[in-house]
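All values derive from a computational prediction rather than experimental measurement.
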Amino acid sequence: MTEPARDDELVFRGGTILTIDPQHRVVTGDVACVGGAIVQVGGDYTPRSRDYAIVDCAGCIVMPGLVQAHVHTCQTLARGRADDMELLDWLRTVVWPYEAALDEPALTASAELACAELLLGGTTAILDMGTVHHTDAVFAAAERSGIRATIGKAMMDAPDPQIPRGLRESTRASLDESARLLARWHGAAAGRLRYAYAPRFVLSCTDELLREVGDAARARGVRIHTHASENHGEIALVRQRFGKDNILVLDELGLLGDHCCIAHCVHLSDDERRVLAARGAHVCHCPSSNLKLASGICPVPELIAAGIAVALGADGAPCNNNLDGFRELRLAAMLHKPRFGPRALPAPEAVRMATLGGASALGLADQIGSLEVGKRGDVIAVDVTALHTVPTASPWSAIAYAAGASDVRHVAVDGHLLVVDRSLRTLELARVRDQARTAATRLFR
Ligand SMILES: [Zn+2]
């Protein structure tokens with residue numbers, strides 16, 4: 001498959017539009033993109049050229065694509081292989097051995113499956129942790145699929161005997177491979193693909209590596225993507241090794257800033273919250289993953305009240321078990337109500353978190369995350385005529401609480417029309433499904 005042809009002039013015609021602009025406006029009519037950029041939001045659009053594409057959005061809510069600020073597209077083949085376990089066992093007995101066994105064809109199969117699932121479900125941009133090796137295959141899959149992706153190579157140089165030999169790497173090799181990938185892919189596909197440093201978590205890395213990552217990310221102006229404070233067992237090991245908590249370790253080694261996105265942050269001390277807020281680091285809330293791994297519940301309303309920016313992510317297929325951004329949105333909107341009351345994360349705020357919040361975590365809030373003239377054309381149309389979304393009293397309510405991935409009808413990224421009437425144009429689904437099944441069977445034999 002080749003890069004999808006640019007739809008130079010693309011019109012999402014006749015929907016109810018959730019702009020996610022600063023006024024949270026809801027308007028009706030067309031969303032038009034020319035040359036990949038949004039040129040009109042609402043009203044009737046008159047095409048400028050003779051050669052334009054129109055997708056019918058009657059009965060749809062048109063909105064910015066969902067942005068997931070924490071996923072592992074490399075793990076998709078392990079879907080259903082690691083259920084009902086807690087984090088450290090889950091990593092050591094299934095996920096790390098699985099990642100160590102991934103070769104290039106298997107990684108391609110996993111990443112293509114993930115990108116297809118994400119796009120068909122209305123996720124247009126991701127921050128992907130990657131795995132230790134073969135990261136070019138992940139970038140290539142993202143490039144073919146058309147998704148907007150910021151991808152790292154997971155860094156794991158700690159001399160920890162629990163890390164399988166196939167994943168353990170030297171500090172120098174880890175940094176050199178990251179630098180190579182950054183040079184090759186950062187800004188590729190007309191800026192749709194970007195590199196992020198991805199030290200997996202402090203326990204998988206040496207101090208030397210973390211310090212160099214902090215310096216290199218600042219010097220090169222790229223994101224840092226990591227995990228922290230997900231689980232009590234992990235936190236106890238961090239205290240044992242460093243004598244302090246995760247966020248304080250990351251801060252001391254120079255990794256925190258508004259270019260840093262940290263998955264989970266389920267259990268934070270007051271000190272850690274203060275430091276996160278002061279540094280402007282982003283937290284990615286992964287409610288399904290935190291529930292399924294029995295990690296706990298991230299106190300999102302408290303983080304927001306402390307001034308910390310929060311985004312959403314599905315994490316990976318073996319801890320979720322899918323990559324449906326709508327499920328994370330619904331769960332995030334509901335999960336905090338028992339503790340913080342029914343107004344905790346109301347529907348419009350949750351939808352904003354799933355779109356602009358993610359864009360901000362990726363450092364792309366000036367380009368994506370809302371439908372505003374001048375931003376890139378990352379647009380989805382969600383059909384709200386299925387019985388489970390009728391009647392549609394409020395579009396915010398429909399998106400936050402009633403709609404799901406299968407309601408997504410059309411998807412564009414950067415002005416490229418990737419999904420039309422629920423059909424993905426860039427990857428052939430029968431092949432993606434077959435190669436995923438074959439590779440998974442081979443890996444888990
Ligand atoms: Zn993760």
Donor on one side chain, acceptor on other, Asp258 and His282, under 3.5 Å: no
Is the shortest side-chain N to carboxylate O distance from Asp251 to Arg274 below 4.0 Å? no
Under 3.5 Å, is there a donor-acceptor pair between the side chain of Asp160 and the main chain of Gln162? yes
Give me the one residue out of Glu169, Met129, His134, Arg200 that meets side-chain contact (heavy atoms from CB on, under 4.5 Å) with Lys153. Glu169
Would you indicate whether the side-chain heavy atoms of Arg223 and His259 approach each other to under 4.5 Å? yes
Applying ring pair (Phe, Tyr, Trp, His ring centres under 6.0 Å), which residue pairs with at least one partner in residues 82-121 are found, sequence neighbours left out? Tyr98-Phe444
Would a distance-only check, ignoring hydrogens and angles, find a side-chain to backbone donor-acceptor pair under 3.5 Å from Arg425 to Leu417? yes
Between Glu328 and Gln68, do the side chains contain an N or O donor and an N or O acceptor separated by less than 3.5 Å? no
How close do Pro64 and Leu18 get, heavy atom to heavy atom, and via which atoms? CD-O, 3.3 Å
Counting N and O atoms only, with roles assigned by atom type, does the side chain of Thr76 sit under 3.5 Å from a partner on the main chain of Ser110, one being a donor and the other an acceptor? yes
Nearest heavy-atom contact between Leu107 and His133 is CD2-O, 3.5 Å
I'd like to know if the side chain of Asn231 reaches the main chain of Gly233, judged simply by a donor and an acceptor atom lying under 3.5 Å from each other, with no hydrogens or angles considered. yes
Can you tell if the side chain of Ile61 reaches within under 4.5 Å of the side chain of Ile399, non-hydrogen atoms only? yes
Does the side chain of Asp245 reach to within under 4.5 Å of the side chain of Arg239, using non-hydrogen atoms? yes
So His336 and Ile297, side-chain contact (heavy atoms from CB on, under 4.5 Å) or not? Walk me through it. CA-CA 8 Å; His336 308 290; Ile297 297 176; 3.8 Å; yes
Please tabulate, for the side chains in residues 347-363, all donor-acceptor contacts under 3.5 angstrom to protein atoms that are two or more places apart in sequence or on a different chain.
{"unit_1": "Arg352", "atom_1": "NH1", "unit_2": "His24", "atom_2": "NE2", "d": "2.8"}
{"unit_1": "Thr355", "atom_1": "OG1", "unit_2": "Val351", "atom_2": "O", "d": "2.8"}
{"unit_1": "Thr355", "atom_1": "OG1", "unit_2": "Arg352", "atom_2": "O", "d": "3.3"}

So do the side chains of Val213 and Leu175 get within less than 4.5 Å of each other, counting heavy atoms only? yes
If you take all heavy atoms of Ile224 and Gly214, which pair is closest and at what distance? CD1-CA, 4.2 Å
Is a side-chain donor or acceptor of Ser204 paired with a backbone partner of Met155 at a separation under 3.5 angstrom? yes
So His70 and His264, would you call those rings parallel, tilted or perpendicular, with 30° and 60° as cut-offs? perpendicular
Check: Glu212/Tyr197 side-chain N/O donor and acceptor closer than 3.5 Å: no
Short question: side chain of Arg241, backbone of Val202 - any donor-acceptor pair under 3.5 Å? yes
Full working for side chain to side chain donor-acceptor pair (under 3.5 Å) between His225 and His227: CA-CA 7 Å; His225 180 198; His227 299 92; 6.0 Å; no
Closer than 3.5 angstrom, by distance alone: can the side chain of Gln75 be matched with the main-chain N or O of Pro318 as a donor-acceptor pair? no
Can you find a side-chain donor-acceptor pair between Ser174 and Asp157 that sits under 3.5 Å? no
Determine whether a donor-acceptor pair (N or O, by modelled atom type, separation under 3.5 Å) exists between the side chain of Arg79 and the backbone of Asn321. yes
Do Asn246 and Glu234 have side-chain atoms, one donor and one acceptor, less than 3.5 Å apart? yes
Under a 4.5 Å cut-off applied to non-hydrogen side-chain atoms, are Thr123 and Asp324 in contact? no
Check: Ile147 main-chain N/O paired with Ser145 side-chain donor or acceptor under 3.5 Å: yes
Grab the two heavy atoms, one from Ala228 and one from Ile262, that are nearest each other, plus how far apart they are. CB-CG2, 3.5 Å
Do any N or O atoms from the side chain of Glu9 and from the backbone of Arg48 form a donor-acceptor pair under 3.5 angstrom? yes
Residue pair Pro299 / Val266: nearest heavy atoms and the distance that separates them: CD-O, 3.4 Å
Do Arg220 and His186 have side-chain heavy atoms sitting under 4.5 Å apart? no
